[in-house]
Number of protein chains: 2
Amino acid sequence: MAIKRFSKQRELILSAVMNTTEHPTAEMVYTRLKPENPALSLGTVYRNLNQLVAEGSLIRLPFTVERFDATTAPHAHFLCRECGKVYDIMDICYDPALDDKAQLSSGHVVKQHELFFDGTCVNCTEKM
Amino acid sequence: MAIKRFSKQRELILSAVMNTTEHPTAEMVYTRLKPENPALSLGTVYRNLNQLVAEGSLIRLPFTVERFDATTAPHAHFLCRECGKVYDIMDICYDPALDDKAQLSSGHVVKQHELFFDGTCVNCTEKM
DNA sequence: TCAGTAACAGTAATTATTACTGATTATAAT
DNA sequence: ATTATAATCAGTAATAATTACTGTTACTGA
Ligand SMILES: [Mn+2]
Ligand SMILES: [Mn+2]
Ligand SMILES: [Zn+2]
Ligand SMILES: [Zn+2]
């Protein structure tokens with residue numbers, strides 16, 4: 001529904017997610033943008049992140065606190081249990097055969113999958 | 001730390017998760033048990049679910065609302081975007097080679113991974 | 001130029017989860 | 001058995017994440 005108008009804030013929010021690799025939360029986006037955009041509201045960040053996901057410009061990563069990603073092509077992720085950082089795993093390419101296999105064996109209509117690794121990241125490993 | 005004592009409530013909560021396939025949230029466990037255990041408190045459910053995860057009797061699935069699973073061996077899951085139900089995908093077996101590959105290419109210490117499918121479940125498909 | 005409405009900032013409300021508090025109760029040593 | 005200790009409880013308050021509401025601002029198209 002609802003025709004979408006241009007919005008300075010939405011542009012800001014989208015580019016903030018596009019210009020980082022940290023898979024930010026709504027709060028992180030807000031904190032990043034607030035100093036240079038003092039009028040920006042946290043509600044606006046949430047609202048626009050949801051719109052950007054709805055239109056396909058971002059994806060939503062279902063960690064227990066939601067994170068957002070401007071790399072909309074399917075790819076794997078790694079969560080460091082020590083520091084909480086989220087990294088892309090680029091060298092494991094998306095395998096559509098898994099979706100077919102899951103669909104065949106379960107009977108559900110499988111649209112896609114996400115692959116989440118976890119452990120301890122390089123940074124945290126060095127600090128030990 | 002703290003020595004663990006027997007607790008009727010913890011037994012209840014563990015068996016509730018063990019006797020269902022629905023990967024319940026804390027709230028679902030509470031709602032299920034409350035009628036026959038009117039004195040049960042929601043805080044008790046949260047506290048014991050966390051303990052049971054800590055001791056390895058349950059696993060925690062990091063959806064945006066946390067879910068719990070008594071099948072602690074690694075296995076894949078399917079989320080229906082229509083009805084929100086979570087199903088096990090049993091016929092895609094856990095592939096430890098993926099962890100090795102991710103670790104080699106990223107440099108992170110990879111402990112494990114989770115594979116989340118999503119789409120529309122059989123039940124919801126039939127209703128269309 | 002102005003009526004209609006998308007989007008905004010600010011704030012209230014809702015949900016999910018954890019922390020606190022004083023009362024119970026499992027356990028183990030008397 | 002009695003009692004001492006502290007784990008656990010129920011109930012509730014607090015915190016954190018997210019969404020909804022409200023009055024105002026600012027595009028847009030007739
Ligand atoms: Mn990513
Ligand atoms: Mn499962
Ligand atoms: Zn780390
Ligand atoms: Zn369904």
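Chain A is the first sequence line, chain B the second, and so forth, proteins listed ahead of strands; every chain is numbered from 1. Computed from a predicted model, the values in this text were never measured in an experiment. The basis for the numbers below is simple: all heavy atoms, side chains too, and nothing from hydrogens, waters or symmetry mates.
- A residue-by-residue look at A:Asn48 and B:Arg60 shows that A:Asn48 has its nearest nucleotide of DNA chain C further toward the 5' end.
- Dashed line: the shortest gap from a side-chain N or O of A:Arg10 to OP1 or OP2 of C:dA7 is under 4.0 Å.
- Nearest nucleotide to the side chain of A:Gln9, out of D:dT8, C:dA9, C:dA26: C:dA9.
- Atom CD of A:Gln51 is separated from atom C1' of C:dC8 by 12 Å (rounded to the nearest Å).
- Summarising the base pairing, D:dA6 is matched to C:dT25 through a Watson-Crick or G-U wobble pair whose two defining distances lie under 3.5 Å.
- Comparing C:dA9, D:dT8, D:dT18 by their closest approach to the side chain of A:Ser41 singles out C:dA9.
- Under the 3.5 Å distance criterion, the side-chain polar atoms of B:Arg67 are matched with a main-chain donor or acceptor of B:Glu22.
- With rounding to whole Å, A:Lys4 atom NZ is found 16 Å from C:dC8 atom C1'.
- Across D:dT8, D:dT18, D:dA7, the shortest atom-to-atom separation from the side chain of B:Ile3 is found for D:dA7.
- One atom, CZ of B:Phe6, and another, C1' of D:dT8, lie 12 Å apart when rounded to the nearest Å.
- Residue B:Arg67 contributes atom CZ, which lies 15 Å from atom C1' of C:dT15 at whole-angstrom precision.
- In the set C:dG10, D:dA6, D:dG11, the nucleotide with an atom closest to the side chain of B:Arg5 is D:dA6.
- Listed nucleotides: C:dA7, D:dT18, C:dT27. Nearest to the side chain of A:Glu66: D:dT18.
- With DNA chain D read from its 5' end, the first of the two nearest nucleotides for B:Gly43 and B:Thr64 is the one closest to B:Gly43.
- With distances taken from any side-chain atom of B:Leu42 to the nucleotides D:dC9, D:dG11, C:dT17, the minimum falls on C:dT17.
- Put simply, the side chain of A:Val53 reaches to within 4.5 Å of the side chain of A:Phe68, judged on heavy atoms.
- Of the candidates C:dT18, C:dA16, D:dA10, the closest approach to any side-chain atom of B:Asn50 belongs to C:dT18.
- A:Leu49 contributes atom CG, which lies 11.0 Å from atom CZ of A:Arg10 (distance to the nearest 0.5 angstrom).
- If you check residues 12-40 of chain B against DNA chain D, the residues with a heavy atom closer than 4.0 Å are B:Ala39, B:Leu40, listed by number.
- Side-chain atoms of B:Lys34 come within 3.5 Å of backbone atoms of B:Leu40 as a donor-acceptor pair (strictly under, hydrogens ignored).
- In this model, the phosphate group of D:dC9 is approached by a side-chain N or O of B:Ser7 to a distance below 4.0 Å at OP1 or OP2.
- Taking CZ from B:Arg47 and OG from B:Ser7, the interatomic distance works out to 8.5 Å, rounded to the nearest 0.5 Å.
- To the nearest angstrom, P of D:dA17 lies 7 Å from OH of A:Tyr46.
- Atom NE2 of residue A:His77 and atom OG1 of residue A:Thr71 lie 7.0 Å apart, to the nearest 0.5 angstrom.
- Of the possible polar contacts, one joining the A:Tyr94 side chain to the A:His113 backbone as a donor-acceptor pair under 3.5 Å is found.
- Around CE of A:Met90, the count of heavy atoms belonging to other residues, nucleotides or ligands within 6.0 Å exceeds 12.
- The distance from atom CZ of A:Arg47 to atom P of D:dT19 is 12 Å, rounded to the nearest whole Å.
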